[in-house]
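Structure record follows, encoded as C-alpha cells.
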There are 2 protein chains.
Amino acid sequence: MTIFPITRIPPQSGRSFKIKRGQILRVIDPVGEQVADLFALEEDDRDCRLSSGRSLDYAGRIYLTTGDVLYANTSKPMFTIIQDTVGLHDFLLTPCSQEMFEILYKHKGHHPSCFENLYLSLKAHGVSGADISTTFNIFMNVKIDSRGILTVGVPISKAGDHIDLRAEMDMVCGLTACSAEGSNNGRFKPIDFSILD
Amino acid sequence: MTIFPITRIPPQSGRSFKIKRGQILRVIDPVGEQVADLFALEEDDRDCRLSSGRSLDYAGRIYLTTGDVLYANTSKPMFTIIQDTVGLHDFLLTPCSQEMFEILYKHKGHHPSCFENLYLSLKAHGVSGADISTTFNIFMNVKIDSRGILTVGVPISKAGDHIDLRAEMDMVCGLTACSAEGSNNGRFKPIDFSILD
C-alpha cells in the first residue's frame, strides 16, 4: 500500500481534491474535538452528488459508521466507510455558512464558514454553491432526543482518531476544518487527510 | 379570502404549480394515511431550492410544524407553516425513486415514484432531476429512536387533515401523492391541494 503524504487543512479553511475509485480517503482529527465537512461529486457527472436523504434512507439510520455507504442523489454508492475509530458523525445538517452565523448566533460581519470554504475550494472544479447540499460532517456530534430536538455537542474524537472512506467512483471532493465555535468546543483546530491506494 | 379550486392529485402521481409570495398552499389528505412530497425552487433563481439541512439546523428540530419555516439552501425563508392539523411530517428522506424500490425492496420492473413524478412535473419549468434533493414529506411518519434508527410508520393523518404553508417568495413547486407502499399503509390514495390568497 502506498501512503500519500498527509495534507493539513488549517483551522477554519478547506481543500478540494480528486479521488479515484478504489482509493481510500483517510480523514484524521490531529488534535481532537474538531469537525470536518465532506462533500463530493462524480468526476464525470457533476449532477451526481452526495445525498444525505438517500444515504439515511438506505441505511435506515442517521448515524453512519463502518460498513455503511454514502450514496449519491442518483443512488450510486460514492463512499464505503471501511474503518472508523469514532463512530459518531452527522449527516443531517448543511455546512455552517455566513447566514447560519447571522441567523443562529446574531453574528455581525464576515465569519469564516465551511460553506464558503467548500465553495471557494470546489469553484476551481466548476462546482457552484447551489451544488453543495448537506455534507457528511465527520466527527460532528449531533444528538437527537425522542421529540426530535437536535443538540450539537463537543465531538468525541480524540487526537489521532480517523475515518477511512473507500471511493466507489472517481470524484471531486471538498473537505474542511470546521469554522463553527459551537461544533468544535470553541477552539479551531486543523484537520489532516491522506489518500491511500 | 379567495379560495381557489381544489386540485386532486391522483394516486401515485404528481403536479407542478407556481405560487406567489403571500399565497397559502393548503395540502389536504382527503382519505387519510397518505403522504405528499413537496419540493420548491425560487421562481427567478432556480439555484435557490428547498433545503432540509438548513431548515433542520435553524429549527433545531427534525419535526417541523406550525410556526416553523422551511428554508432554501441560500438560507432564505421559502414557506412558513401557519396551520397544521397533523403535526408529524418528515424532512430527512429523499423522495421515493425507482432505485429506492430496487435497493430497499428488490423490486423488478418499473415502479411509480415521487422522484419520477416530481421530475416529470417540474421538467416543464426547466428543473432537472439533480435539482430535486430532500423533499418535505407531508404527513410522512418517520420515527427515530435513541440509537438513530429510522422507522417508517403509517401516517397519522385522517381524512380532511391538512397543512397550510405560506409562501415567503415566488416559487415553482412540485407535489405528489406518494407512490411507496411502505409509507402509506399499503394503499395508494390521492392528495388534494389548493392555493389561497
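Below, chains carry the letters A, B, ... as their sequence lines are ordered, and counting in each starts from 1. Small disclaimer: the values here were computed from a predicted structure and weren't measured.
Residue contact with chain B, scored on non-hydrogen atoms closer than 4.5 Å, involves the backbone and the side chain of A:L92 alike. Of the two parts of B:R49, only the side chain, counted from C-beta on, holds a non-hydrogen atom closer than 4.5 Å to a non-hydrogen atom of chain A. Looking at B:L93, both its backbone and its side chain come within 4.5 Å of chain A, counting heavy atoms on both sides. Proximity to chain A is limited to the side chain of B:F115, based on heavy atoms less than 4.5 angstrom apart. Only the side chain of B:I144 has a heavy atom closer than 4.5 Å to any heavy atom of chain A.
No side-chain donor from either of A:H111 and A:E102 sits under 3.5 Å from a side-chain acceptor of the other. In summary, the side chains of B:E168 and B:T80 do present a donor paired with an acceptor at a separation below 3.5 Å, with no hydrogens or angles considered. For the residue pair A:E33 and A:N185, a side-chain donor N or O sits within less than 3.5 Å of a side-chain acceptor on the partner. The closest side-chain donor-acceptor pair between A:D84 and A:H89 falls under 3.5 angstrom.
The shortest side-chain heavy-atom distance between B:L64 and B:S55 falls under the 4.5 Å cut-off. Side-chain contact between A:R15 and A:C173: absent, with no pair of heavy atoms (C-beta onward) separated by less than 4.5 Å. Within the 4.5 Å cutoff, no side-chain heavy atoms of B:I195 are placed close to those of B:I24. In this structure, the side chains of B:I28 and B:D161 stay at 4.5 Å or more apart for every pair of heavy atoms.
For B:D68 and B:R61, the salt-bridge test passes: some basic side-chain N is under 4.0 Å from an acidic carboxylate O. We find that A:K189 and A:D29 are not joined by a salt bridge, their nearest charged nitrogen and carboxylate oxygen being 4.0 Å or further apart.
Of residues 117-142 of chain A, those residues lying under 4.5 Å from chain B by any heavy-atom pair are A:A130, A:T134.
When B:R46, B:M100, B:Q98, B:K76 are compared by the number of non-hydrogen pairs under 4.5 Å with chain A, B:M100 comes out ahead. Considering only heavy-atom pairs separated by less than 4.5 Å from chain B, the leading option among A:D145, A:D47, A:V152 is A:D47. When the candidates B:T74, B:N73, B:I103 are compared by the number of heavy-atom contacts under 4.5 Å with chain A, B:I103 comes out ahead.
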